[in-house]
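Computed from a predicted structure; not experimentally measured.
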Amino acid sequence: MDYKKLKEEFKTPFYLYNFDEIKENFLRLKEVFKARKSQIFYAMKANSNLSLLQMLTKLDSGFDCVSIGEIKRALVAGAKNYKIIFSGVGKTKEELELALKYDILYINLESEAEMLLLENVAKNLDLKARISIRVNPNVDAKTHPYISTGLHENKFGVELDMARKMYVYAKNSPFLEPVGVHFHIGSQLTNLSPIHEAASIVAKLVKELVALKIELKFFDIGGGLGVSYKNESEPNLYDYAQGILSALNGLDLTIGLEPGRFLVAKSGELVCSVLYEKITPKKRFVIVDGAMNDLLRPSLYEAYHEIVLPYNEGEKTPCDVVGGICESADFLAKQRELAQTKNGDILVVKNAGAYGFSMSSNYNTRTRVCELALENGKIRLIRQRESFEDLIALEEKFLNKE
């Protein structure tokens with residue numbers, strides 16, 4: 001990759017995504033489930049760039065959305081309404097109304113209170129709401145506590161007994177139509193056994209529902225497949241699929257998958273430039289033009305991202321790679337072995353395609369970076385860099401001009 005040429009044309013920092021790799025990941029995942037009816041619903045929260053969504057739409061992807069904004073993004077990118085599902089624990093009445101009007105595939109319910117609200121919304125619109133219920137199987141995903149979602153102590157989903165009660169209620173409601181069951185036990189999962197355990201628990205629930213004459217169509221296994229950031233063992237896709245298929249033995253359901261990180265994480269990079277080196281009696285700092293507002297994961301999760309200096313050679317010594325945000329938490333790496341740098345050197349943060357730009361902010365009145373895509377050997381701009389004028393546009397008109 002000619003980073004120098006890209007820097008000259010687009011300036012740094014910027015995100016660069018390899019669309020060809022993302023396509024390959026999508027097709028690999030689709031292939032291992034070809035023995036059963038299945039549908040991929042890309043988890044948009046990982047990276048919601050419109051060009052990325054459009055590319056996935058052309059691959060026949062559906063979309064897992066967690067806000068009405070994400071639903072609107074998917075539709076703008078060309079997604080079919082019947083391939084969109086709506087998840088999340090805090091859906092508002094207005095969001096539920098719009099989701100029903102858009103006639104999306106189904107709404108994942110996360111609580112009894114949400115079900116009753118949706119029923120009332122559907123009644124007022126004289127519509128029937130297709131629903132799935134997110135079951136919390138109380139399975140430890142063995143991942144970072146911030147991204148664990150399948151234990152009773154987590155805010156997501158409902159316990160098995162409550163799920164049974166909700167399905168019976170929905171079946172008897174003229175305004176609710178139960179069509180699916182859903183679970184998602186966490187993100188960055190590298191051990192398959194918790195996923196397979198959860199699938200078996202939820203499949204048993206589905207068989208109990210069949211006995212109650214509640215026939216579902218979708219078995220949504222969520223996402224969470226992990227990737228290797230630092231020598232982790234990545235899950236074997238064939239083994240992943242076989243465990244799910246085994247759990248569904250005897251059930252005729254379409255499998256729903258919600259990959260996010262798996263598709264895009266390793267296909268993205270944050271490209272920065274070195275501003276200075278700062279040497280103290282106890283520390284070496286490499287200060288770059290990227291910062292925690294551009295890539296929050298290291299500060300939020302203490303996440304590891306490989307960092308390379310594509311044009312630097314020489315002896316490596318420990319350093320912290322930091323940005324210009326006025327926070328001690330502003331770092332991209334700590335105690336990393338890197339060669340000596342100087343102003344203008346290019347530094348690349350690898351595996352940053354998931355939860356990078358989508359979690360970025362304007363903290364310290366910093367503009368968000370531009371995004372580039374590599375596809376079929378060509379680089380193109382897919383989001384321009386923000387300007388200061390963009391940042392103040394929603395505030396400036398309210399200034400007191402006196």
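Legend: ring pair (Phe, Tyr, Trp, His ring centres under 6.0 Å) pairs involving residues 329-388, not counting sequence neighbours: none detected. Within the structure, salt bridge (Lys or Arg N to Asp or Glu O under 4.0 Å) pairs that include any residue of residues 231-253 comprise Lys37-Asp252, Glu234-Lys266 (at least two apart or interchain). Listed by first then second residue, pairs satisfying salt bridge (Lys or Arg N to Asp or Glu O under 4.0 Å) with a partner in residues 335-348 read Lys342-Asp345, not counting sequence neighbours. For the ring pair (Phe, Tyr, Trp, His ring centres under 6.0 Å) condition, the pairs that include at least one residue of residues 89-138, sequence neighbours left out, are Tyr106-Phe218. Screening residues 205-223 for salt bridge (Lys or Arg N to Asp or Glu O under 4.0 Å), with sequence neighbours left out, gives Arg164-Glu208. Every pair passing salt bridge (Lys or Arg N to Asp or Glu O under 4.0 Å) that includes a residue from residues 349-365 is listed here, sequence neighbours excluded: Glu269-Lys350.
Annotation: side-chain contact (heavy atoms from CB on, under 4.5 Å) contacts of Ala43 (sequence neighbours excluded): Lys45, Asp64. Applying the ring-ring contact (aromatic ring centres under 6.0 Å, His included) criterion to Tyr240, with sequence neighbours excluded, gives Phe33. Qualifying side-chain contact (heavy atoms from CB on, under 4.5 Å) partners for Leu117, counting only residues two or more places apart in sequence or in other chains: Lys93, Leu96, Val121. Scored by the side-chain contact (heavy atoms from CB on, under 4.5 Å) test, Leu127 finds Leu100, Leu125 as partners (sequence neighbours excluded). Arg380 is linked by a side-chain contact (heavy atoms from CB on, under 4.5 Å) to Phe19, Ser51, Ala373, Glu375, Ile382, counting only residues two or more places apart in sequence or in another chain.
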List the atom pairs, with distances to 0.1 Å, where a side-chain N or O of residues 314-322 and a protein N or O form a donor-acceptor pair under 3.5 Å, not counting sequence neighbours.
residue : atom : partner : partner atom : Å
Thr317  : OG1  : Arg284  : NH1          : 2.7
Asp320  : OD1  : Gln335  : N            : 2.8
Asp320  : OD2  : Lys283  : NZ           : 3.3

